[in-house]
J.: 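Supplied in structure tokens, the structure appears directly below.
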Amino acid sequence: MGAQLNKIFDNAMNSSLFKNKAVLQANFVPESIPHRDAQVEQVAGILVPILRSERPSNLFVYGKTGTGKTLSVQYVRQELQKKAVELGVDIRIEYINCKLKKVADTEYRILAALIQQMGGKVAETGLPTEQVYSKFIEMIDDKKQVVIIIFDEIDQIIKKISDDFLYSLTRLNSELSKAQICLIGISNDVTFLENIDPRVRSSLGEEEIVFPPYNALQLQDILNERCKLAFKDGVVDDGVISKCAAFAAREHGDARRALDLLRIAGELSEREGSAKIDLKYIDAANDKIEKDKIFDIVSTAPKQFQLILYSILKLTREKKIESIFTGDVFNYYQDLCKRTHNEILTQRRISDIIGETDMLGLTNANVISKGRHGRTKEIKLAFADHLLDKIESILIESLGL
DNA sequence: AGGTATTCACATGAAACTATTCTCTGAGTTAGG
DNA sequence: TAACTCAGAGAATAGTTTCATGTGAATACCTGT
């Protein structure tokens with residue numbers, strides 16, 4: 001009996017296609033970054049003065065998601081730190097991801113996170129902003145040093161807070177007597193710089209580096225490299241890699257997406273006991289990614305949001321009539337709320353929520369004018385038909401209908 | 001027929017309000033010396 | 001006496017309401033032929 005079980009376990013172990021799955025996960029930092037030599041060099045070139053304890057120029061990095069921005073910057077950071085230890089120079093490079101909600105979506109949460117990372121005592125906040133600032137200054141300014149702060153997804157804080165925050169940071173240098181700080185902003189919104197205070201723009205954008213999207217061939221290289229580490233030999237065909245690359249290239253050359261595809265295709269193959277990764281699993285993986293994304297959004301959305309989405313969904317199904325307008329949704333929604341004893345929000349808010357569904361890609365809502373019959377949004381569901389049932393049941397369950 | 005004015009049904013903005021969540025403070029409590 | 005807990009206070013946030021203003025084009029209304 002025990003032997004038999006063991007056999008099963010052994011089989012399970014052996015049938016694994018993976019050598020090291022972590023290689024395909026998002027936070028893996030490889031030893032080399034293919035096709036990003038130029039960018040890495042630029043970044044390094046700009047930051048290198050820190051090794052002489054001089055303040056590097058502020059740097060602004062942008063490019064679409066999955067173009068290796070974060071990776072390259074992190075890589076340079078690591079190398080700089082190694083080198084600094086070697087040379088006995090004291091440097092500090094802090095990294096903050098502004099996208100992680102818990103970490104930072106407030107001026108002082110960011111500062112608090114920074115302070116904490118630098119070994120300061122935990123969130124110190126009485127009269128918020130002011131005090132945290134002085135605490136922060138105090139911490140940095142205790143000795144002569146250059147501190148580099150990396151803000152990943154920096155556009156997020158600007159959206160959440162205002163650009164005052166960045167302005168105060170850039171101005172902070174004048175308040176520091178011994179230390180100096182240098183800011184690095186990473187953003188995937190290229191238009192982001194255009195919408196911020198010119199003063200901030202000029203100081204943050206002292207240097208700029210653009211990360212272009214990878215093309216399909218480059219993606220293949222990247223995938224190939226990771227495959228060697230991630231999978232056992234002979235598991236992955238060339239065809240598989242080029243297909244993953246092609247899929248991701250279509251999505252603005254997103255390497256992260258390509259790696260996800262590969263990993264999930266691997267997992268699917270493995271689950272089905274296949275000895276190789278078959279092309280068909282890539283399509284399945286692609287579906288799965290899309291699906292998971294949508295399901296996740298839908299199931300974690302706030303109640304009112306779900307109510308609206310449910311209303312749109314129901315209207316789409318019941319009415320075979322061409323298009324749905326804001327007013328229709330609002331009416332259905334009101335009934336729905338009455339039936340289910342939910343609070344009814346104003347039309348103003350509903351309008352905004354519909355806008356949100358559009359932003360998240362769940363619907364397409366376009367403002368159209370029906371002439372004499374007013375202006376409104378024309379709303380259509382944006383996901384594939386075969387997901388409708390599943391989404392409906394998610395909503396029904398989550399709303400307790 | 002061709003031009004102009006209206007008008008609808010919301011969109012879009014700004015400001016104010018509300019409930020809830022954080023964090024800190026300081027009083028009161030507890031335990032150890 | 002130091003450490004610890006816990007209620008209350010002040011501030012921040014997210015979500016929403018209220019008030020105000022904007023808007024594209026189908027239609028109603030002219031106008032002169």
Side-chain angles (χ1 to χ4, degrees), chain A residues 96-117 120-136 138-139 153 155-166 168-169 195-197 297-312 315-316 319 321-338 340-360 362-380 382 395 398-399:
Chain A
I96 292 275
N97 189 339
C98 312
K99 202 180 178 182
L100 302 176
K101 257 210 157 175
K102 277 293 164 191
V103 179
D105 58 352
T106 299
E107 195 164 356
Y108 76 70
R109 268 186 215 167
I110 290 176
L111 285 169
L114 268 174
I115 292 174
Q116 213 172 338
Q117 274 192 30
K121 282 166 222 134
V122 209
E124 184 88 30
T125 333
L127 302 170
T129 327
E130 291 292 317
Q131 281 204 7
V132 192
Y133 264 111
S134 39
K135 172 84 183 174
F136 180 63
E138 198 181 300
M139 285 211 53
E153 317 267 341
D155 43 330
Q156 296 296 318
I157 21 176
I158 303 306
K159 239 187 280 170
K160 283 269 157 196
I161 323 163
S162 66
D163 44 15
D164 296 351
F165 175 60
L166 286 182
S168 347
L169 274 182
N195 314 324
I196 62 175
D197 192 318
I297 293 174
V298 171
S299 57
T300 60
K303 189 167 68 179
Q304 293 293 348
F305 186 98
Q306 293 181 334
L307 286 165
I308 297 297
L309 193 59
Y310 185 73
S311 304
I312 298 174
L315 280 173
T316 314
K319 284 187 17 178
I321 315 169
E322 0 64 68
S323 24
I324 306 170
F325 304 109
T326 306
D328 303 331
V329 176
F330 186 56
N331 288 333
Y332 190 98
Y333 160 83
Q334 278 180 305
D335 287 351
L336 180 65
C337 283
K338 275 183 209 150
T340 59
H341 307 290
N342 277 300
E343 224 184 321
I344 302 176
L345 304 184
T346 30
Q347 179 155 334
R348 177 72 187 78
R349 178 90 262 262
I350 302 316
S351 176
D352 278 348
I353 293 180
I354 292 174
E356 286 167 31
T357 65
D358 179 79
M359 289 296 296
L360 289 172
L362 299 176
T363 64
N364 291 318
N366 295 312
V367 189
I368 57 162
S369 176
K370 293 190 293 172
R372 202 80 220 283
H373 305 292
R375 256 158 73 84
T376 182
K377 284 198 185 98
E378 187 181 36
I379 305 152
K380 287 189 198 123
L395 286 173
S398 145
L399 289 168

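Throughout, protein chains are lettered first and strands after them, A, B, ... in sequence-line order, and every chain is numbered starting at 1. Keep in mind the model is a prediction, meaning the values are calculated, not measured.
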J.: Can you tell me how far P of B:dA11 sits from CZ of A:Phe325, to the nearest Å?
T.: 11 Å
J.: Which nucleotide, C:dT27, B:dC10, C:dT18, lies nearest any side-chain atom of A:Gln347?
T.: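 Minimum distance to the A:Gln347 side chain belongs to B:dC10.
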J.: From B:dA14, C:dA25, C:dT16, pick the nucleotide closest to the side chain of A:Gln304?
T.: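 Out of B:dA14, C:dA25, C:dT16, the nucleotide with an atom closest to A:Gln304's side chain is C:dT16.
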J.: Can you check the A:Glu378 CD to C:dA25 C1' distance for me, whole Å?
T.: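 Those two atoms, CD and C1', are 15 Å apart.
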J.: Using whole Å, report how far CD1 of A:Ile368 lies from P of C:dA26.
T.: 11 Å
J.: Strictly by modelled atom types, are A:Thr326 and A:Ser351 linked by a side-chain donor-acceptor pair under 3.5 Å?
T.: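 On atom types as modelled, these side chains do not qualify, holding no pair under 3.5 Å.
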J.: Side-chain N or O of A:Ser351 versus OP1/OP2 of B:dA11: is the shortest distance under 4.0 Å?
T.: yes
J.: Classify the side chain of A:Arg349 versus the base of C:dT17 as yes if they form a donor-acceptor pair under 3.5 Å and no if they do not.
T.: no
J.: With side chains defined as the heavy atoms from C-beta onward, is the minimum distance between A:Leu362 and A:Phe305 less than 4.5 Å?
T.: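 A side-chain contact exists here, since the closest heavy-atom pair is under 4.5 Å.
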J.: Any side-chain heavy atom of A:Lys303 within less than 4.5 Å of one from A:Leu399?
T.: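 The answer is yes; the side chains approach within 4.5 Å.
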J.: Tell me whether the OP1 or OP2 atom of B:dC8 has a side-chain N or O from A:Arg372 closer than 4.0 Å.
T.: no
J.: Rounded to the nearest Å, what distance is computed from the CZ atom of residue A:Phe330 to the P atom of nucleotide B:dA9?
T.: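 So the two atoms are 15 Å apart, to the nearest Å.
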J.: What is the distance, rounded to the nearest whole Å, between atom CD1 of A:Ile379 and atom P of B:dA9?
T.: 16 Å
J.: Roughly, in whole Å, what's the span from CD in A:Glu343 to C1' in B:dT18?
T.: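 From A:Glu343 CD to B:dT18 C1': 11 Å.
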J.: Looking for any heavy atom pair under 4.0 Å, which part of the strands does A:Ile354 touch: base, sugar-phosphate only, or nothing?
T.: nothing
J.: Counting side-chain heavy atoms from C-beta on, which of C:dT17, B:dC10, C:dT27 comes nearest to A:His373?
T.: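 Given the options C:dT17, B:dC10, C:dT27, the side chain of A:His373 is closest to C:dT27.
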J.: Considering only heavy atoms from C-beta outward, does the side chain of A:Tyr310 approach that of A:Thr340 to under 4.5 Å?
T.: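 Side chain of A:Tyr310 against side chain of A:Thr340, heavy atoms only: no contact under 4.5 Å found.
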J.: Between A:Asp352 (CG) and B:dG13 (P), how many Å, whole number?
T.: 10 Å
J.: Taking 4.0 Å as the cut-off, does a side-chain nitrogen or oxygen of A:Lys370 come that near to OP1 or OP2 on C:dG24?
T.: no
J.: Indicate whether any N or O donor in one side chain lies under 3.5 Å from an N or O acceptor in the other, for A:Gln347 and A:Tyr333.
T.: no
